[in-house]
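Below is one structure, written out as structure tokens, with a few remarks after it.
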Amino acid sequence: MGKKVLISGAGVAGATAAYWLARAGFEVTVVERASGARSSGSPVDVKGPAVDVVEKMGVMARLREVDSPTDRMTFVDANGRRLAGIPLRAFSGAAGAREVEVARADLASILVDAGRDTVEYRWGDTITDLVHDDAGVDVTFAAAPPSRFDAVIGADGLHSTVRHLTFGPEGSFIRHTGMYVATMPIDEPTGDDTEVLIYNTPGRAVAVHPNRGHAIAAFIFRRAEVPGYDYRDLDQHKRVLAEAFPDTGWLLPNLLDRLRHTDDLYFDSISRMRLPRWSEGRVGLVGDAAAAVSLFGDGSTLAIAGGYRLAEELSGSPSQVAAALRRYETRHRPLVRSKQQAFRVARALLLPATRPGIALRNAVARVTPVLAGLSSEGGRRARGSAAGTGRAADRMG
Ligand SMILES: Cc1cc2nc3c(=O)[nH]c(=O)nc-3n(C[C@H](O)[C@H](O)[C@H](O)COP(=O)(O)OP(=O)(O)OC[C@H]3O[C@@H](n4cnc5c(N)ncnc54)[C@H](O)[C@@H]3O)c2cc1C
């Protein structure tokens, strides 16, 4: 019988790691708190190193069916007039035309489907306790009977339960960046399937992504930590958003009206993780649980690449779990670190803090090659101009 691995979270990282571990002969169980499919969620990218991984999993054709490629990000004013734009190809990674952009939930469910025959998926359950020793990990669940595993992987996102049980409360590791994000389906065509529209006021942005005729609105705003913030409290989220967007420009009256009535709202603090290490003995972390980069990094790409690398290292030495988890971290952390560093520039470009900052950003947006510094691959191409982008970002706020 193969070694037993438990993965908490059937998201992007969990489903990828599960597929590859099962292929390598591990007996893999995935426990997912959600009982059913989530709403389609924000479009996320499968770029760079993740493209090879999904191709090897044989799911690229399915991803292409739900691909919602956009080729422009356009900044508009309060009347919807187009002020400036960025061709999004400037942000393409090394895999170029092989890259796809798909709704987060579509990506996760396609990755889950890839391993459905070889992985045991348990929906609507969660880990409640973990005790690890040199030979294994004893796990207690909310619903299923307790069981012992050779390794436990936390792929349960920004608010990871495995991380909490292993390293302590998230307040010690998660840093609020002074911004929040919310997304909500509009589920109507927006006219142009290839263009993301963004309306800025100081410290706030409202974006509409066409998402193949089922548009998604995103609200991003600067704000100090909400006192008593609870990432699961929908009423609190709606109140915070209504306060944050008193404006009436562009589509805001319509979007805020929809917001008041929706039950399908994603809302969270934009946070950064600073964990000194990603594993403790036989318990490891991957994806946002280990190192969230939120919407300003390549979180889904990093989750796929991380899930694959973790599986690769565990498969290489299945009897030395702790050492394999440390090797995975050594290989993967530099990639994550480089994305976390792009954060300051991305924030300044998408969310300028002042009116002069917005005007300057629009001026910079007209000089597209400079913006290529945002993506690491683009950054390599535009290494000479990246320092200039950072200086411009500082002036934008
Ligand atoms: C608004 C927004 C926009 C984004 N845009 C982009 C983008 O354009 N490009 C990009 O690359 N990335 C983007 N990201 C980031 C990307 O979505 C994440 O980095 C990526 O989904 C991380 O994958 P993950 O598997 O670690 O976590 P998730 O995909 O969050 O999956 C975690 C899973 O764990 C489950 N879970 C949670 N707690 C438990 C528990 N206790 N027990 C069992 N299961 C549990 C959850 O239900 C979920 O299924 C964006 C993120 C946000 C919030």
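None of these values were measured; they are calculated from a predicted model. Sequential numbering from 1 along the given sequence is applied to the chain's residues.
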Check: Arg204/Asn200 side-chain N/O donor and acceptor closer than 3.5 Å: no

Partners meeting ring-ring contact (aromatic ring centres under 6.0 Å, His included) with Tyr180 (sequence neighbours left out): His176, Phe221, Tyr229, Phe267

Qualifying residues under side chain to side chain donor-acceptor pair (under 3.5 Å), relative to Ser160, sequence neighbours excluded: Asp156

Any residue meeting salt bridge (Lys or Arg N to Asp or Glu O under 4.0 Å) with Glu313, in chain and number order, not counting sequence neighbours: Arg327, Arg331

side-chain contact (heavy atoms from CB on, under 4.5 Å) partners for Ala303, two or more places apart: Val12, Ala13

By side chain to side chain donor-acceptor pair (under 3.5 Å) - contacts of Asp193 (at least two apart): none

With Ala291 via side-chain contact (heavy atoms from CB on, under 4.5 Å) - residues at least two apart: Trp278, Val336, Gln340

Partners meeting side-chain contact (heavy atoms from CB on, under 4.5 Å) with Glu55 (sequence neighbours left out): Val51, Asp52, Met60, Arg98

Donor-acceptor contact present, side-chain Asp67 to main-chain Glu101, <3.5 Å: yes

Side chain to side chain donor-acceptor pair (under 3.5 Å) involving Arg333 - partner list, sequence neighbours excluded: Glu329

Arg104 NZ/CZ over Tyr266 ring centroid, <6.0 Å and within 45° of normal: yes

Non-hydrogen side-chain atoms of His209 and Thr183 separated by less than 4.5 Å: no

Using atom types as modelled, flag every donor-acceptor pair under 3.5 Å from a side chain in residues 74-85 to any protein atom, sequence neighbours excluded.
unit_1, atom_1, unit_2, atom_2, d
Thr74, OG1, Glu195, OE2, 2.7
Asp77, OD1, Asn79, N, 2.9
Asp77, OD1, Gly80, N, 3.1
Asp77, OD1, Arg81, N, 2.9
Asp77, OD2, Arg81, NE, 3.0
Asp77, OD2, Arg81, NH2, 2.7
Arg82, NE, Glu195, OE2, 3.1
Arg82, NH2, Glu195, OE1, 2.7

Any residue meeting side-chain contact (heavy atoms from CB on, under 4.5 Å) with Thr330, in chain and number order, not counting sequence neighbours: none

Donor on one side chain, acceptor on other, Asp264 and Thr262, under 3.5 Å: no

Inter- and intrachain pairs under ring pair (Phe, Tyr, Trp, His ring centres under 6.0 Å), touching residues 136-174, at least two apart: His159-Tyr231

Contacts of type ring-ring contact (aromatic ring centres under 6.0 Å, His included), residue Tyr308, not counting sequence neighbours: Trp20

